[in-house]
Number of protein chains: 2
Amino acid sequence: MTNKGKGSKSQRILDVAEELFALHGYDGVTMRQIAKGANVDVALANYHFGKKLDLFYAVFNRRAEVLSSWRREALLASREKAAGKPQTLEQIIEAFLLPLKVAQESGDPGWRNYLALLAYVMTSPIWNKILMPEVFDKRVGEFVEALKSALPNARDDDIHWCYQYVSGALALTLAQTGRIDRLSDGTCLSSDFDAAYDHMIPFVAAGFRAVCGD
Amino acid sequence: MTNKGKGSKSQRILDVAEELFALHGYDGVTMRQIAKGANVDVALANYHFGKKLDLFYAVFNRRAEVLSSWRREALLASREKAAGKPQTLEQIIEAFLLPLKVAQESGDPGWRNYLALLAYVMTSPIWNKILMPEVFDKRVGEFVEALKSALPNARDDDIHWCYQYVSGALALTLAQTGRIDRLSDGTCLSSDFDAAYDHMIPFVAAGFRAVCGD
DNA sequence: CACTATATTCAACGAGCGTTGAATTTGCAA
DNA sequence: TTGCAAATTCAACGCTCGTTGAATATAGTG
């Protein structure tokens, strides 16, 4: 066989693990649940990915590099489009958010699950320290640099606080808790990422200007 | 004995459970860990609080009503202070955040743990649906009404999206992940709630105006 | 003091956990 | 077709989990 492609059993294990980890967290999921969801014996997950912790890492890393490189490309493309002139705040933020929007709307439910998993990792005091530095923190550095160019008089700490707010707003959106559906009586939908991102860009741009502007 | 006051064994169980649940989540904590942390037999936690799930609810509810009433009072006090005139956006947001700041800086480490637990519940797709409606969602309704008064031309959905961003920014701050310390090379500290709230108020006020303003 | 209710511990249960070594199946190469 | 390595399942291990019933300690009451 040697089939590790799309739809293979090892991929199905990753997909199911991704969905369950995103919903219940690392400790809320058992190897047997994952195996059952993938229609596979428990031992197979161990055979392919080692221990439960390694499986968790495998799930997280599978799409981390992909997403991170999309972000890098989006930021580069945005810089090119500005053609030498400094990018506007809105352009920078848009470039930062675009890959997430694309992933969400790719049609692949795996991406939606992954972004919910990312929100779980971002907000967890434990996993954050372990998983965020390796891949995502570097991209944030580039983003912060771009922001500094657009806000030349900003203090470093002001920018970082504002970045934390963006990060939090984003995480809660990716988490898909369904709370906005409830609070707005169905006027807003957690699943409506177009609306989420369209509102987020002017919101955080104005926030940055208010805190870091001249 | 009949001592259920501060420092009693049942209170110690709640305190330890609060800290561990906030750090590791519901499934990441065992009854035996809690008992050990409280220097108490496992069976005692069951005797006082019933099943593990009931203990979790007891931990969450212990401070939920307190915090929620503080919020109500802060909003009322802010409205009174405005003396008939419509409150400014900043005043409304300040009233919304003030109780959390007070709790954080109360010196009681239990409150810091509880707010991290609140962040965990807010961002969890599972617990959010179960625990947020009962106490906190109602207070949000009052907050949204106040915002509508300050932003008379705002659309309902705009306000709710903006509220979600505030909620996310707040949750990530309460979660105390330590990420801002890392990203800013120590310039900003997760534990510095004064800075967190002082930056957050102008940030979200400007965001609201940009999205919901005239 | 004796009585009683509450608080706390002790000891153990059955179930489910992650993990593993051996057996079996599968797919490809010779 | 035979041989071999990868993939998959089977069966079981030792352990820890949440929970419980009985035993013990503690504190207030008469």
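So you know, we letter chains A, B, ... as the sequences are listed, proteins then strands, and number each from 1.
Remark: B:T177 engages A:N128 in a side-chain hydrogen bond (donor to acceptor under 3.5 Å, both in side chains) (not counting sequence neighbours). With sequence neighbours excluded, the residues forming a side-chain contact (heavy atoms from CB on, under 4.5 Å) with B:E90 are B:T88, B:I201, B:A205, B:R209, listed by chain and number. Considering only residues two or more places apart in sequence or on other chains, B:R155 meets the salt bridge (charged side-chain N to carboxylate O under 4.0 Å, His left out) condition with B:D157, B:D158. Taking B:D194 as the reference, B:K101 meet the side-chain hydrogen bond (donor to acceptor under 3.5 Å, both in side chains) condition, with sequence neighbours excluded. Take A:S184 and apply the side-chain hydrogen bond (donor to acceptor under 3.5 Å, both in side chains) test, not counting sequence neighbours, and it matches no residue. B:Y114 pairs by the side-chain hydrogen bond (donor to acceptor under 3.5 Å, both in side chains) definition with nothing, not counting sequence neighbours.
Contact check of residues 43-52 of chain A against DNA chain D (heavy atom, cut-off under 4.0 Å) returns A:A43, A:L44, A:Y47, A:H48. Listed in residue order, the members of residues 28-38 of chain A having a heavy atom less than 4.0 Å from DNA chain C are A:V29, A:T30, A:M31, A:R32.
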Validation: residues 36-58 of chain B side-chain donor-acceptor distances under 3.5 Å, sequence neighbours left out:
{"residue": "B:D41", "atom": "OD2", "partner": "B:A43", "partner atom": "N", "Å": "2.8"}
{"residue": "B:K52", "atom": "NZ", "partner": "B:Y26", "partner atom": "O", "Å": "3.1"}
{"residue": "B:K52", "atom": "NZ", "partner": "B:V29", "partner atom": "O", "Å": "2.8"}

Extract all donor-acceptor atom pairs below 3.5 Å that involve side chains of residues 163-175 of chain A and protein atoms in other chains or at least two apart in sequence.
{"residue": "A:Q164", "atom": "NE2", "partner": "B:T173", "partner atom": "OG1", "Å": "3.0"}
{"residue": "A:Y165", "atom": "OH", "partner": "B:A196", "partner atom": "O", "Å": "2.4"}
{"residue": "A:Y165", "atom": "OH", "partner": "B:M200", "partner atom": "N", "Å": "3.2"}
{"residue": "A:T173", "atom": "OG1", "partner": "A:A169", "partner atom": "O", "Å": "3.0"}
{"residue": "A:T173", "atom": "OG1", "partner": "B:Q164", "partner atom": "NE2", "Å": "3.0"}

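Atom CG in B:L53 sits about 18 Å away from atom P in D:dC17, given to the nearest Å.
Residue B:R12 places its CZ atom among more than 12 non-hydrogen atoms of other residues, nucleotides or ligands, all under 6.0 Å distant.
Annotation: side chain to side chain donor-acceptor pair (under 3.5 Å) contacts involving residues 130-140 of chain B, sequence neighbours excluded, comprise A:R179-B:D137, A:R182-B:D137, B:S68-B:R139, B:R139-B:E142.
Using five terminal pairs a side, the axes of the helix from C:dC1-D:dG30 to C:dA30-D:dT1 at its two ends make an angle of 0°, given in steps of 10 degrees.
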